[in-house]
Number of protein chains: 2
Amino acid sequence: MKTGDQELVKKINKSIVLQTIQASSPISRAQISKESGLNKATVSGLVSELMEEDFVLEIGTGLSSGGRKPVMLYFNQTAGYAIGIDLGVNYILAVLTDLQGQVVEKMEEPLEETSPGVVLPLLKNIINTLMQRQPSSPYGVVGIGVGVPGITDNNGSILFAPNLNWEQVNVKQDLEQYFKLPVVIENEAKAGAHGENIHGAGRRSSDFVYISLGIGIGTGIIIDNKLYKGARGMSGEMGHVTIDANGKKCRCGNKGCWELYSSESTLLEQAAKLPSMEGKELNLDELIQEADSGNGEVLSLFSRIGEYAGIGLTNVVNTFNPEQIIIGNRLSKIQRWLENPVHHVLEQRLFPPFYEGLDVSFSQFGIESCALGSAAFSVEAFFSENKVTVT
Amino acid sequence: MKTGDQELVKKINKSIVLQTIQASSPISRAQISKESGLNKATVSGLVSELMEEDFVLEIGTGLSSGGRKPVMLYFNQTAGYAIGIDLGVNYILAVLTDLQGQVVEKMEEPLEETSPGVVLPLLKNIINTLMQRQPSSPYGVVGIGVGVPGITDNNGSILFAPNLNWEQVNVKQDLEQYFKLPVVIENEAKAGAHGENIHGAGRRSSDFVYISLGIGIGTGIIIDNKLYKGARGMSGEMGHVTIDANGKKCRCGNKGCWELYSSESTLLEQAAKLPSMEGKELNLDELIQEADSGNGEVLSLFSRIGEYAGIGLTNVVNTFNPEQIIIGNRLSKIQRWLENPVHHVLEQRLFPPFYEGLDVSFSQFGIESCALGSAAFSVEAFFSENKVTVT
DNA sequence: TGTAAGTTTGTTTTAACGATAAACAAAGTA
DNA sequence: TACTTTGTTTATCGTTAAAACAAACTTACA
């Protein structure tokens with residue numbers, strides 16, 4: 001049981017000060033005091049500690065409004081860096097971000113083979129390259145976050161990743177021993193949700209659901225600005241919510257799962273049956289080209305995928321009554337063609353008070369949400385160790 | 001933004017002390033100190049405040065283990081009372097509980113007509129009767145909680161209750177003006193979930209979903225021991241999750257909603273078509289009698305309802321990965337016949353790691369969860385005003 | 001242009017509050 | 001008599017807040 005003491009009070013207030021600076025930089029001490037409700041003296045004290053710790057910088061003075069000029073404070077976002085990885089099914093996307101989540105370096109490598117024996121060495125290579133490219137800074141790289149397309153447990157093991165064909169692989173332990181840095185492993189949709197919450201389209205919502213429309217469908221649930229993980233860290237498998245009780249059998253054991261009707265796999269599977277696609281290469285980018293050049297069959301396929309996406313989203317909204325829904329991952333590339341059918345189905349199927357005021361957005365980062373969210377996990381773990389929490 | 005100060009620290013610690021007493025009463029000051037990690041002096045001080053406020057009593061001494069005998073402390077659960085109401089579709093169930101949630105008085109009245117003009121005066125009558133029957137106590141009745149079968153907003157208005165045929169009725173304002181007491185209005189399933197979390201089958205889980213199988217289906221979502229309300233207080237309408245994308249139209253606007261396949265309405269509707277029920281009265285108790293006397297048609301109807309309950313529950317589990325699912329409200333009366341088909345479907349449809357360790361329980365209070373949860377809301381509001389929070 | 005008056009910023013000083021540690025008194029057991 | 005356990009008292013520490021203050025600036029006006 002966590003008791004209350006002065007350390008807790010200080011941690012809370014120091015976090016408030018740092019967050020205020022992050023959110024409204026440049027800002028003066030006086031203004032922080034007004035915004036937060038903390039006394040001027042308290043703010044002054046906490047700011048000097050943050051400056052000693054290199055998290056805050058004084059840069060010049062601001063404009064006076066009839067008195068002494070304020071000293072402006074900045075969040076020193078380059079005091080350290082974090083590495084975020086999106087371990088996709090057929091690619092690895094890696095970013096080096098600063099403490100504010102700005103991408104400094106980026107790498108992408110295709111994955112031909114997905115066995116751990118091939119992937120893990122490649123992963124280490126990529127991380128090493130990014131480490132070498134980091135600018136010099138007081139704290140250096142503070143941690144590594146990895147988003148994976150599968151079910152993880154709280155020890156950083158990947159319990160099951162069907163699309164990689166992995167079972168029981170402890171990536172966290174492996175990377176921590178190799179790099180001597182804290183490593184966070186999280187499901188790809190959960191990491192994406194977190195990325196959107198911290199830096200992206202979900203910054204202004206405290207309660208939203210991120211839908212990862214990729215090879216399969218995953219969801220990340222943000223409640224009160226916190227990721228909901230579930231009892232054993234396996235929440236959000238809404239891709240396996242039944243939308244047709246007597247539908248096709250899914251390999252998860254259930255029937256009529258949502259992702260059998262609306263995902264990249266399904267899209268490609270159904271595209272293969274189109275007469276107009278005979279003999280052509282079958283991948284998402286190719287289909288986008290076809291759609292762009294007016295292939296009616298592809299267009300109506302996109303539309304059908306969008307309608308089924310809408311049916312699943314109706315379930316999401318009835319369950320969570322979120323402020324916002326954010327659609328991300330690979331299929332966010334076909335936003336243009338999904339948007340209309342999705343909205344149409346939602347409007348038709350939702351009870352009006354649920355539809356009113358509902359914001360359906362697409363990811364701001366496209367495919368990068370997951371890597372950015374993973375990096376953000378590491379940044380938070382770092383701050384949390386430094387007696388400051390930033391959310 | 002809530003800053004940290006000493007008041008916060010004290011509130012946290014005082015709550016810890018009171019909760020420890022509630023959980024482990026009778027208990028000595030020294031033992032509280034050991035269990036909570038708080039210093040003996042701190043505990044002593046907080047306990048004397050709690051005693052002055054009549055929340056804690058000293059009753060005699062305990063056994064010595066080789067030194068001075070400890071003075072044993074009790075939570076004074078009869079320092080005040082709360083009223084909890086379950087406003088059902090065809091009944092009003094009202095309870096008077098003490099601060100620990102023990103039922104002291106109970107009343108149940110049938111509802112023939114559901115218009116606000118009839119229901120509200122009756123409701124006031126019932127509450128008045130309970131008020132008169134309360135034992136004398138330092139704080140008296142500290143509040144009134146009402147669970148309603150509909151969608152509420154954060155101002156205590158009932159936005160929409162289809163089964164009562166109510167729209168925009170501000171029960172909170174009405175009752176508060178009449179009784180001069182704090183009133184909490186909440187959706188029936190949310191109140192039930194809270195009741196089970198505080199006093200019932202969900203005491204030991206921090207993350208579970210309560211399924212109210214009544215005239216319709218509602219769900220209450222408990223995350224981290226807190227009720228999740230959703231952006232506009234309308235979360236948990238999982239009765240309207242589509243389980244058959246092209247199924248029957250529901251009046252909510254959606255198609256193939258779960259509650260069209262597994263609820264009391266559906267049960268009675270389908271029972272009406274059974275040859276063996278011709279000419280007999282159609283209600284739940286009658287059907288239970290038929291099942292008890294071996295009516296095969298009714299038994300297989302119960303079984304089918306159970307299977308569809310299982311299909312919806314699969315969706316709940318894939319979405320939340322809860323520790324526990326609790327089934328409550330009217331259909332918990334036919335637990336005996338639902339249990340097997342529900343478990344069978346879950347085992348068949350769930351991915352094994354989701355099924356393992358999942359606890360599917362039925363409500364401990366049967367139909368009373370909602371009234372008890374509503375009363376508990378009032379108790380908490382009362383403590384929260386007294387600078388103590390109890391969860 | 002010069003100066004007095006007022007304003008804003010940020011620091012210093014002091015007080016208040018709550019938790020803790022240590023000493024202590026009280027009440028028991030062996 | 002020696003030891004243990006309980007619960008209170010006392011002194012100290014860390015943290016915030018209020019008030020006083022110094023510094024730096026703007027504005028108004030002669």
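Letters go in sequence order (proteins before strands), and every chain restarts at 1. Every heavy atom of this structure was used, including side-chain atoms; hydrogens, water molecules and symmetry mates were not.
- Contact annotation: the side chain of A/Lys172 never approaches that of A/Thr152 to less than 4.5 Å [non-hydrogen atoms, C-beta and beyond].
- Out of D/dT16, D/dG14, C/dG10, the shortest distance to the side chain of A/Leu46 is found at D/dT16.
- When rounded to the nearest whole Å, the span between CG of A/Asp5 and C1' of C/dT20 equals 10 Å.
- DNA chain C is contacted by both B/Lys10 and B/Ser65; B/Lys10 maps to the nucleotide lying nearer its 5′ end (nearest heavy atom per residue).
- Summary of the strand contacts: A/Gly66 and A/Lys40 both lie near DNA chain C, and taking for each the nucleotide with the nearest heavy atom, the more 5' one is attributed to A/Gly66.
- Nearest-nucleotide mapping onto DNA chain D: of B/Gly4 and B/Ala30, the residue sitting toward the 5' end is B/Ala30.
- Ring-centre distance between B/Phe320 and A/Phe320: below the 6.0 Å cut-off.
- Using a 4.0 Å cut-off, some side-chain N or O of A/Arg29 falls inside it from OP1 or OP2 of C/dT11.
- When distances are taken from the side chain of A/Pro70 to each of D/dG7, D/dT9, C/dT9, the shortest belongs to C/dT9.
- For the pair B/Thr42 and C/dT20, the criterion of a side-chain N or O lying under 4.0 Å from OP1 or OP2 is met.
- For B/Asn39 and C/dA19, the shortest distance from a side-chain N or O to OP1 or OP2 is not below 4.0 Å.
- Rounded to whole Å, the distance from CD1 on A/Ile12 to C1' on D/dG14 is 15 Å.
- The nucleotide whose nearest atom lies closest to any side-chain atom of B/Val71 is, among C/dT20, D/dG7, C/dG18, D/dG7.
- Where B/Glu58 and A/Ser64 meet DNA chain D, the nucleotide closest to each residue was compared, and B/Glu58 sits on the side nearer the 5' end.
- Side-chain contact check for B/Glu186 and B/Ser374: no donor-acceptor pair (N or O, by modelled atom type) lies under 3.5 Å.
- Between the base of D/dT6 and the side chain of B/Arg68 there is a donor-acceptor pair shorter than 3.5 Å.
- Using a 4.5 Å heavy-atom threshold, the side chains of B/Ile83 and B/Leu181 count as separate.
- Straight-line distance from the CG atom of B/Asn13 to the C1' atom of C/dG18: 9 Å, rounded to whole Å.
- Across the protein-nucleic acid pair, B/Gln31 atom CD and D/dT4 atom P stand 19 Å apart, rounded to whole Å.
- For the pair B/Glu49 CD and C/dC17 P, the computed distance is 12 Å after rounding to whole Å.
- Using a 4.0 Å heavy-atom distance criterion, A/Lys34 is classed as a sugar-phosphate-only contact.
- A distance-only check finds a donor-acceptor pair linking the side chain of B/Asp153 to the backbone of B/Gly156 [under 3.5 Å].
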